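The structure displayed is predicted, hence computed values, not measured ones.
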Amino acid sequence: MDTNLTAVDRNAKELAGPKGGFPEQEQKPPGLTSEMTPIPDHGEETWQGNGRLKGMKALITGGDSGIGRAVAIAFAREGCDVALSYLEAEQSDAEDTKEWVEKAGQRCVLVPGDLQDEATARAVVDDAVEGLGGLDVLVNNAGFQWARREEGLASVTTEEMDQVFKTNLYALIWVTQQALPHLGKDSSIINVSSIQAYDPSVSLVDYASTKAAVNNFTVNLAQELGPKGIRVNCVAPGPIWTPLQPATKGGDSQPDFGGDTPLGRAGQPSELAGAFVFLASPAEASYVSGTVLGVTGGKPVF
């Protein structure tokens, strides 16, 4: 065993496997954590809170699993109440995440609904604010991709494109618009981009386009909201082991997943939590806005 690795690093490396990837597997979208092999690490046994978000309230879209679950657990252990937005098909994952939040002694509000529908997206925000009693942090994490294609642009259907753009971009704008009246000085918005915005895959042409747009939306909104004391930032993950992978990619791609990064493996959701806690913290990131923070296993974000 490499004694120079931290417990978190060692766990992530072991979960990723010797070649950086995972056993062949597929699920139907949106995918469930409980059906993955191995189960991702969301920081359940490793994240140690220090009260950095004490008394705050956050809405996390896509908060039931993957990166969203890791952020919810970390936020809760830092003293933050959370509301989780998710699809009804992901109820079991949401219940599991809620249990972890409540174990940390924080309130967890569940607000299911398909954000592709504008009225639903806005209602999710309203329900979250009502359940939490306010809002300090918005994490726009919900996303969708479809990589089971033999060709690039020629194989993109309008139906697929609608789902990708509405989930990744339209919903982000609707949710943010609805949240703005509830945000004030020292509040923050954290969007989720992707390494695909910088190094796009042929099979993800529509997804990569939306993530590049998220980067620009982040910078633009940061300029608009800066005078109000609201910070807007973005996290750009690299290949991360979440239900999105087996639910939207072919099973034969899983063994090599993440192996092309400089660190030689995919990341675990827990390895992104620190970026979100930092950006949400009014004390630690008080002068950080309009920034895209890459957590990519070494792949460049420029």
**Prompt:** For atom CD of Glu102, is the number of surrounding heavy atoms from other residues, nucleotides or ligands below 6.0 Å larger than 12?
**Reply:** yes

**Request:** Give a yes or no on whether Lys103 atom NZ has more than 12 heavy-atom contacts from other residues, nucleotides or ligands under 6.0 Å away.
**Result:** yes

**Message:** Test side chain to side chain contact (heavy atoms under 4.5 Å, CB included) on Asp186 and Asp136; report intermediate values, then the result.
**Reply:** CA-CA 8 Å; Asp186 293 330; Asp136 302 293; over 6 Å; no

**Request:** Please round to the nearest 0.5 Å and tell me the distance separating atom CG of Asn168 and atom CD of Gln116.
**Result:** 9.5 Å

**Request:** Check whether Leu293 and Val301 end up in the same hydrophobic cluster, where Ile, Leu, Val, Met, Phe, Trp and Tyr are linked by side-chain heavy atoms less than 4.5 Å apart.
**Result:** no

**Request:** Fit a plane to each ring of Tyr170 and Trp174, take the angle between them on a 0 to 90° scale, and name the class: parallel (under 30°), tilted (30 to 60°) or perpendicular (over 60°).
**Result:** perpendicular

**Prompt:** Do Val232 and Val292 share a hydrophobic cluster, counting only Ile, Leu, Val, Met, Phe, Trp and Tyr and linking them when any side-chain heavy atoms are less than 4.5 Å apart?
**Reply:** no

**Asked** Is Asp64 paired with Arg69 through a side-chain N to carboxylate O contact shorter than 4.0 Å?
**Response** no

**Message:** Less than 3.5 Å apart, any donor N or O on the side chain of Gln106 or Arg77 sitting next to an acceptor on the other?
**Reply:** no

**Message:** For Phe22 and Trp241, I'd like to know if the aromatic rings sit close, meaning centre-to-centre distance below 6.0 Å.
**Reply:** yes

**Asked** Can Glu284 and Arg52 be counted as an ion pair, charged N to O under 4.0 angstrom?
**Response** yes

**Prompt:** Does one side chain, of Thr176 or Asn140, offer a donor that lies under 3.5 Å from an acceptor on the other?
**Reply:** yes

**Prompt:** Does the pair Lys211 and Asp206 meet the rule for a salt bridge (charged side-chain N to carboxylate O under 4.0 Å, His left out), with working shown?
**Reply:** CA-CA 9 Å; Lys211 293 305 183 178; Asp206 47 351; over 6 Å; no

**Prompt:** Roughly how far apart are Asp127 CG and Arg122 CZ, rounded to 0.5 Å?
**Reply:** 14.0 Å

**Message:** Any salt bridge linking Lys28 with Glu35? Criterion: basic side-chain nitrogen under 4.0 Å from a carboxylate oxygen.
**Reply:** no

**N-O pairing of Lys249 and Glu26 below 4.0 Å** = no

